[in-house]
Amino acid sequence: MPRQRRSNDWGFPRWRAYGAAGAPPEAQRRCDRTGCDRPGTCPAPKAPNRPERWWFCAEHAADYNRQWDYFAALSEEEAAAQAESEARGARAYQRARHWDWGEGDGSRSRAELDALRLFDLPPDADEADIKAAHRRMAKANHPDVNPGNVEAADRFQAAQAAYEVLTRASAARATRNGPR
Ligand SMILES: [Zn+2]
C-alpha cells in the first residue's frame, strides 16, 4: 500500500526546488559552514558594507546572525581582524574541498596523505593515531583558549577539515571493502 504523499518542506516553499524533481545535487549551492552538506539557501554578508556573501543553511544562517550582533559592535580595527580571520577560515575550507576530490582506492589517497602530513603523522598511521593527533591539535588551537589568535583559528579549522577527510575516506573504504 503506498504511503500517503506529504510535503516535507516544513513550510519553507523554496526548499521544494531541491526535491527529487529539482536540480541535480551537484548544481545545488551547499552551506558554506565547514562539514555541513545541506543546501545553502540563506545569504549572509561576510563583512559590513561588503558585497561578498556566505551561503548558509537555515540553521547556520541563524547561528551566523547571532554572532553578527557581536560583530557589529566591534571597533573598525577589531572588525578588520575578524574579517581577516574569516578569510583564513575560508581558505582552510577551500583546502578541505580540494582534499575531498581525492578518491581513495584501497591505499591512501593524495588527499589523505596531505591530511596526515598536517597532523605530522606517517602514511600508515592508524585510526587511533589520527584521533589522538586531531584531538591534540584541535585542543591546542581551539578559539576558546586562543581568543583573537588568527593563526590558531586557521590551524583549528585545518585540523577539523583534515580529520573530516580522513574519517570520510576511512568510512568509504569500509563500505567498499565490507567486513573483513
Ligand atoms: Zn549548514
Side-chain angles (χ1 to χ4, degrees), residues 6-74 79 81-104 109 111-112 114-115 118-119 130-131 134-135 137-139 141-150 152-172 175:
R6 175 167 176 277
S7 164
N8 64 350
D9 62 18
W10 291 284
F12 292 87
R14 64 200 298 190
W15 287 12
R16 280 177 194 148
Y18 294 107
E26 54 275 16
Q28 294 174 16
R29 188 191 284 275
R30 294 282 161 190
C31 177
D32 279 329
R33 183 73 163 258
T34 303
C36 181
D37 282 329
R38 280 172 290 197
T41 53
C42 306
K46 290 190 179 184
N49 307 315
R50 296 290 306 168
E52 293 86 1
R53 296 281 183 274
W54 295 111
W55 290 83
F56 293 118
C57 67
E59 184 189 322
H60 287 136
D63 234 25
Y64 185 81
N65 287 337
R66 269 196 298 279
Q67 290 173 28
W68 184 261
D69 294 336
Y70 161 79
F71 190 85
L74 296 177
Q82 180 79 23
E84 168 65 14
S85 166
E86 289 278 329
R88 283 163 180 275
R91 282 199 296 276
Y93 175 69
Q94 286 307 326
R95 213 151 57 221
R97 291 280 290 262
H98 174 70
W99 287 338
D100 246 357
W101 296 336
E103 181 61 34
S109 67
E112 292 175 87
D114 282 351
L118 183 99
F119 287 133
I130 292 166
K131 205 168 180 175
H134 165 250
R135 188 172 296 175
M137 190 167 167
K139 203 172 168 184
N141 295 290
H142 197 282
D144 286 353
V145 293
N146 300 275
N149 184 338
V150 293
D154 198 9
R155 283 192 296 272
F156 179 78
Q157 296 245 20
Q160 302 304 97
Y163 187 63
E164 197 180 312
V165 165
L166 290 166
T167 50
R168 268 198 203 163
S170 165
T175 304

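First listed ligand is number 1; within each ligand, the first listed atom is number 1.
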>> Among residues at least two apart in sequence or on other chains, which ones pass salt bridge (charged side-chain N to carboxylate O under 4.0 Å, His left out) with Arg135?
In response: none

> Considering residues at least two apart in sequence or located in another chain, which fulfil the salt bridge (charged side-chain N to carboxylate O under 4.0 Å, His left out) criterion with Asp37?
Replying inline: Arg168

>> Ring-plane angle category for Tyr64 and Phe56, please: parallel below 30°, perpendicular beyond 60°, tilted otherwise.
In response: tilted

>> Suppose we screen for side-chain contact (heavy atoms from CB on, under 4.5 Å). Which residues come up paired with Val150, at least two apart in sequence or across chains?
In response: Ser85, Arg88

> Is the shortest distance from a Lys or Arg side-chain nitrogen in Arg33 or Glu59 to a carboxylate oxygen in the other one below 4.0 Å?
Replying inline: no

> If waters are left out, how many protein N/O/S atoms lie within less than 2.8 Å of the Zn ion (ligand 1)?
Replying inline: 4

> Any sub-3.5 Å donor-acceptor pair from Asn149's side-chain atoms to Ala152's backbone N or O?
Replying inline: yes

